[in-house]
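Read the structure below first, then the notes.
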Amino acid sequence: MNKHELVLCIVNEGFSEVVMDAVKAVGAKGGTVIRARGTANQQAEKFFKITIHPEKEIVMILVESKIKDAVLHAIYSSAGLKTEGQGIAFSVPVDDVVGLKKELTLEKNVEQNKIVNTNKK
């Protein structure tokens with residue numbers, strides 16, 4: 001089982017702070033916001049019964065798997081499709097993570113593996 005998940009949330013421009021406040025309240029540490037432009041058509045607007053604003057923000061949040069459901073629920077409650085943010089969110093599993101303090105053991109394992117592989121030659 002993966003220890004981390006990447007939660008991606010696409011919201012109308014100006015609502016990334018709403019998302020970040022909500023996910024921090026349930027344990028997320030931070031995220032990255034990317035400006036984007038939506039390309040949905042009138043059929044999508046009719047299907048979802050919403051008006052789609054073309055200017056978007058994508059919020060990327062790396063979280064531990066154990067809080068993923070709470071993060072997704074917080075996004076849905078604060079910035080979901082039935083809010084002004086009109087956000088959608090989903091998650092994808094993450095196999096490996098480097099650069100986090102909690103992952104120092106992974107870095108040590110990589111270094112040890114290099115030493116072991118060098119010794120085998």
Side-chain angles (χ1 to χ4, degrees):
M1 184 167 156
N2 296 326
K3 288 179 62 178
H4 294 89
E5 295 270 338
L6 178 64
V7 175
L8 296 147
C9 177
I10 304 165
V11 290
N12 288 335
E13 185 177 43
F15 286 88
S16 60
E17 286 300 317
V18 172
V19 171
M20 289 309 306
D21 290 344
V23 300
K24 284 180 180 179
V26 295
K29 304 291 186 235
T32 300
V33 178
I34 300 172
R35 291 185 178 203
R37 176 177 278 285
T39 60
N41 58 30
Q42 289 180 343
Q43 291 173 331
E45 288 183 348
K46 287 178 184 176
F47 179 77
F48 290 113
K49 298 179 182 161
I50 58 173
T51 301
I52 297 177
H53 302 280
E55 298 304 318
K56 302 289 183 187
E57 293 172 336
I58 301 170
V59 185
M60 301 184 309
I61 309 149
L62 183 65
V63 298
E64 292 183 28
S65 297
K66 64 185 177 186
I67 68 166
K68 175 200 64 163
D69 290 338
V71 167
L72 288 170
H73 182 72
I75 292 169
Y76 174 77
S77 297
S78 65
L81 279 177
K82 295 183 180 183
T83 69
E84 288 184 57
Q86 295 181 332
I88 62 167
F90 58 94
S91 68
V92 293
V94 175
D95 290 332
D96 294 312
V97 176
V98 295
L100 297 178
K101 289 182 183 180
K102 291 183 178 181
E103 296 301 321
L104 290 176
T105 55
L106 174 63
E107 292 173 12
K108 286 180 185 176
N109 289 340
V110 169
E111 287 302 316
Q112 287 175 351
N113 192 26
K114 286 181 185 175
I115 293 168
V116 170
N117 288 336
T118 304
N119 292 334
K120 287 183 179 178
K121 291 180 180 179

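Just so you know, these numbers use all the heavy atoms, side chains as well, and skip hydrogens, waters and symmetry mates.
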As an exercise, state the distance from [atom1] of [X] to [atom2] of [Y], rounded to the nearest 0.5 Å.
| X | Y | atom1 | atom2 | value |
| --- | --- | --- | --- | --- |
| Ile10 | Ser16 | CD1 | OG | 13.0 Å |
| Lys3 | Ser65 | NZ | OG | 9.5 Å |
| His4 | Ile61 | NE2 | CD1 | 14.0 Å |
| Glu64 | Lys29 | CD | NZ | 7.5 Å |

Worksheet item: Hey, is the main chain of Gly14 close enough, under 3.5 Å, to the side chain of Glu57 for a donor-acceptor pair?
Response: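 Checking the backbone N and O of Gly14 against the side chain of Glu57, a donor-acceptor pair under 3.5 Å is found.
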
Discussion item. Is it the case that the side chain of Thr83 and the backbone of Gly80 share a donor-acceptor pair, with hydrogens and angles ignored and the cut-off at 3.5 Å?
Written reply: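 Such a contact is found between Thr83 side chain and Gly80 backbone.
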
Indicate, with yes or no, if [Y] and [X] share a hydrophobic cluster defined by side-chain heavy-atom contacts under 4.5 Å among Ile, Leu, Val, Met, Phe, Trp and Tyr.
| X | Y | answer |
| --- | --- | --- |
| Val94 | Ile34 | yes |
| Val19 | Ile67 | yes |
| Leu72 | Val92 | no |
| Ile88 | Val11 | no |
| Leu6 | Phe90 | yes |

Worksheet item: Does Arg37 pair with Glu55 as a salt bridge, N-O distance under 4.0 Å?
Response: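 Looking at Glu55 together with Arg37, the answer is yes, because their closest N to O distance falls below 4.0 Å.
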
Can you name the nearest heavy-atom pair linking [X] to [Y], along with the distance?
| X | Y | result |
| --- | --- | --- |
| Leu81 | Gln86 | CD2-O, 3.7 Å |
| Glu5 | Pro93 | OE1-N, 3.5 Å |
| Lys68 | Val63 | CA-CG2, 4.1 Å |
| Val18 | Ser78 | CG1-O, 3.7 Å |
| Cys9 | Ile75 | SG-CG2, 3.5 Å |

Worksheet item: Taking only residues two or more places apart in sequence, or in another chain, which ones meet Glu84 in a side-chain contact (heavy atoms from CB on, under 4.5 Å)?
Response: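 Phe15.
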
Worksheet item: Who are the side-chain contact (heavy atoms from CB on, under 4.5 Å) partners of Tyr76, not counting sequence neighbours?
Response: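 Counting only residues at least two positions away or on another chain, Tyr76 forms no side-chain contact (heavy atoms from CB on, under 4.5 Å).
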
With a 4.5 Å heavy-atom cut-off, do [X] and [Y] have their side chains touching?
| X | Y | answer |
| --- | --- | --- |
| Asn12 | Lys56 | yes |
| Val71 | Val23 | yes |
| Val59 | Leu8 | no |

